[in-house]
Number of protein chains: 2
Amino acid sequence: MKKSVDRLSLIKSMSQQCIAVRIRLLNRMITNIYDSALSPFGVKLNQISILVFIYLAGEVGYDALCRRLKMEKSTASRNIERMKKKGWLKIATVKAERKKALKITPAGEELLGKVQEVWEDAQEKALSLLGEEGTDVLCKIANGIWKKDKAR
Amino acid sequence: MKKSVDRLSLIKSMSQQCIAVRIRLLNRMITNIYDSALSPFGVKLNQISILVFIYLAGEVGYDALCRRLKMEKSTASRNIERMKKKGWLKIATVKAERKKALKITPAGEELLGKVQEVWEDAQEKALSLLGEEGTDVLCKIANGIWKKDKAR
DNA sequence: CTGTTATAGTTGCATATACAACTAAGCTCT
DNA sequence: AGAGCTTAGTTGTATATGCAACTATAACAG
């Protein structure tokens, strides 16, 4: 009897306290806010974040992109492929087939310009969903992870 | 000149403050913690969360599941299909073809029993990644969203 | 210089997610 | 009862994600 009671209460905490379930929920909701705001432009937040990174970095290697954005190389590979097709990115390096360096195109910069406004709207909606405190804490945690990574 | 400066600083804030990028990062890291902990059992957190919900609810309709877990019906549909195939779930209702009620199977309960330990490990790792405060805030936000939904 | 090793990037496979179009089954109104 | 409406669930398409296997190329060791 004891054992089944324990099991039940543990399963209840899996339901009531699971961190992953909660962050996944928020992830879905927030990703949605941004992706639907961006949908008129035929792009999603993920690709915008890649574009922003490349815009600021000037010319980045593949590996740097994956490390900084903490994106799996296969995800990056496929995204870059799609973005090249849409004309937002190009490969800057000619010499080496390997070690591709990525660069934003004029069309990519234009896209960034166009989405700024909807990004701001989305950011505001996300802020009101998470609240000031929640947003603050979240950003601190994420920034901490990035900083730690850079130091490495 | 002014305009391009504004653009640059806005793009910088897209890089440095975007909530979606941050929550997506944490989502990937945390999902990873749980999924790799669960991988010996051939299941991922998402399906476990469905199973837990159905276990606690006894017998649930499809719609209730989607509403409570805030899961898109197509995602739910395909997950349930896979879980039926693995024998963890079954459809309880016979009468109506529509309005399927879901029920956990003995194999499903057994699985829940087996994964409890690794779930606890993963939960602890996630806690130390987010910190006490972060976890607290996160849970409060998510629970608030659920409560609001229930009241509806 | 050549064979081995390390590394960059691609591709296959599986799950998760969302939206839209579709199907089917129950419900309602006349 | 039959026509149209509503709702449940499925399926198609696209992106995101992760792991593992593969390919091609660069670097290195002898």
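Given the structure is predicted, the values throughout are model-derived calculations rather than measurements.
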Of all the heavy-atom pairs spanning A:Gly134 and B:Val137, show the shortest one and how long it is. CA-CG1, 3.5 Å

Heavy-atom pair with the smallest gap, counting every atom of A:Cys66 and A:Ala76: SG-CB, 3.6 Å

Under 4.0 angstrom between A:Tyr62 side-chain N/O and C:dT10 OP1 or OP2: yes

Nucleotide D:dT17, atom P - distance to CD1 of B:Ile33 in whole Å: 16 Å

Can you check each nucleotide of nucleotides 12-20 of chain C against protein heavy atoms at under 4.0 Å and return B for base, S for sugar-phosphate only, - for none, in 5' to 3' order? BB-SSBBB-

Assess the residue pair B:Asn143 and A:Arg22 against the criterion (side-chain hydrogen bond (donor to acceptor under 3.5 Å, both in side chains)); give the C-alpha distance rounded to whole Å, side-chain angles, the decisive distance to 0.1 Å, and a yes or no. CA-CA 8 Å; B:Asn143 292 342; A:Arg22 281 150 187 78; 3.2 Å; yes

May I ask you to check whether over 12 heavy atoms, not counting those of A:Glu124, lie within 6.0 Å of atom CD? no

Using whole Å, what does the distance between atom C1' of nucleotide C:dA8 and atom CD of A:Glu81 come to? 15 Å

A:Ile91 atom CD1 is separated from C:dA8 atom P, nearest whole Å, by 15 Å

Are A:Phe41 and A:Ile48 close enough that some pair of their side-chain heavy atoms sits under 4.5 Å apart? no

Whole angstrom is fine here: how far is it from CE in A:Met83 over to P in C:dG9? 16 Å

Side-chain N or O of A:Ser77 less than 4.0 angstrom from OP1 or OP2 on C:dT10? yes

Smallest separation among heavy atoms of B:Leu38 and B:Lys44, with atom names: CD1-C, 3.7 Å

